[in-house]
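For reference, the structure discussed in these notes is given below.
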Amino acid sequence: MNNGKNDVSEVLDAVIVGAGFSGLYMLIRLRELGLKCAVIEKGGDVGGTWYWNRYPGARCDIDSVDYCYSFSPKLLKEWRWTERFATQPEILRYLEFVAKTFDLKRDIRFSSTVLSAEFDENADTWLVSTSYGERIEAKYLVMAVGNLSEPKRPDIQGADQFIGNELHTSKWPKDGVDFTGCEVGIIGTGSSGIQAIPLIANQAKHLYVFQRTPNYSMPARNAPLEPNYIEEVLADFEKRRETSRRSDAGTPFPPSNKATFEVSDEERSAMFEAGWKRGGINSLSYAFNDFFTDEIANQEAQNFARKKIQEIVHDPITAKSLSPIHHIGTKRTCVDTNYFETYNRENVTLVDLRSDPIQEITPHGVTTKSRNIKLDSLVYAVGFDAVTGALNAINIVGRGGQRLRDAWNDGPATYLGLMVSGFPNMFLVTGPGSPGVLSNMVVSIEQHIDWIAGAIEHLNSRSFTRIEASSDAQDQWVAHVNELAEGTLYPQATSWYLGSNITGKARVFMPYVNGCGNYRSECEAVVRDGYRGFQLTTGSFIQQREDA
Ligand code: NA7
């Protein structure tokens, strides 16, 4: 393959794509190993997901004291979260603080998009081309591109016709938006829509919510964090984090060891009530251990959640439209503040697209089967081409000229969610086949970055020039991930976990469902066994792992 190497503008040890939680920590770890690196970042500053998703109400759905790095005593000592669930601006400030503490920005190139990355089999290097016109040669390529970073394009007739103020939750204007006096429409009731709706309703003259599928949402019970509580958490932080690392969801809260029907009806209600009162994403899912696996057990939690919606929402027709019917938890459960309560406001109308579908977006609003709705502003909260979208947006060409997009045509295949057979020296952070989006992302990210740094250290210290997942190990891992998912209710829902929100995307359940702790143990065992399932090579000479 001719990589056009004559016009290489720079030679580095590693290129890291993305300056969110993953990319920043990767840069720190690779610098510690003495590597010369550059981070290429599309956004104008650090933050990744938290740089782009500035919509009103955007906040984390994991407790902020757990949604942070654990590797640095200095960061732990100097940073204090102010709320149970941090807002987007606070998380962005945190990442700014991290970048400043470690002087990271000197190695980050902002407002630059990676367009392609091609592997040179003769040199065991990647050639990375950016929108800035750079052509960087690097031994290692780390795709820290995020799982929810490639926005889904609105697939609605007439979407390009609207002449009012068109907004996307994933590309919100930096200076915010004033909806005062405006007729506003919002399409989408996933996590983003559910967080934004109550705040937009507070400001708009009228808000129309266009809902295709109702979602389960748990009350956040957000509150300021008491200084005493923070100090208590910090006093025992390492133990708390180690519990998270070995847990299913990457959080320190113990899941139940009881099955749904092991307890009386009264006890079950009381346990659900206690969860609802406590709030947070696992309000109901942590009550019983068969929540994700037993259809009848799951129905008990569904019934409880639907009853809550009916209690909160005054109009019974609206309450019914807002009541989801899918297995709870199989689409990402949302976390809200006053979401269902918002439908009791005079200035909010729910448009149920199942009975009254959108026919088209017009220059002045939205036409549904039954009416024309005039709008000043239209907000799209329609989600992302999740997990694989940001990778497939780059023209990644591996060994033998194979494109990643083509290799993944029937769905993504990886070994451990970390590497792809045929794409040597390219690491994925929280890729498909790892717990990623089902877990506390920061815990999963730290684990992946540490694993990748360990692998690179291993290669460099033994003068290997190439690491690649074997196709056998990858096939076995994919089969294992699928088998685990089939043992749960997850694949039964149409969700972005499965790729079913994107027309034409292969339907493959992408995350590893067996929990962060089990996954971590598998990754550790692979390393202990001399990078089992990976081929480590020096030039064209293939060294068996036993020699490693
Ligand atoms: P989600 O969870 O994918 O939600 C997208 C929403 O947009 C969902 O309600 C979709 O309905 C709706 N949607 C998408 N396309 C359409 C069309 N064409 N017409 C009507 N409605 C549509 O994305 P979010 O940004 O809210 O959340 C993503 C993740 O970020 C979240 O899970 C957290 O982990 C953080 P559908 O369900 O497809 O019927």
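Sequence positions, counted from 1, serve as the residue numbers for this chain. Counting convention: from 1, in listed order, for ligands and their atoms alike. Values reported hereafter were calculated over all heavy atoms of this structure, with side chains retained and with hydrogens, waters and symmetry mates removed.
Aromatic ring centres of F304 and Y216 lie farther apart than the 6.0 Å criterion allows. Aromatic pair W81/Y94: centroids less than 6.0 angstrom apart. In this structure, H448 has its ring center under 6.0 Å from that of Y519.
Ligand 1 lies under 4.0 Å from heavy atoms of L148, K152, D155, I156, I187, G188, T189, G190, S191, S192, R212, T213, K331, R332, L353, A381, V382, G383, F384, W496.
A search for ring-ring contact (aromatic ring centres under 6.0 Å, His included) contacts involving W172 returns nothing, not counting sequence neighbours. With sequence neighbours left out, E83 forms a salt bridge (charged side-chain N to carboxylate O under 4.0 Å, His left out) with R59.
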Side-chain donor-acceptor distances from residues 380-394 under 3.5 Å, at least two apart:
unit_1 : atom_1 : unit_2 : atom_2 : d
D385   : OD1    : K505   : NZ     : 2.6
T388   : OG1    : K505   : NZ     : 3.0

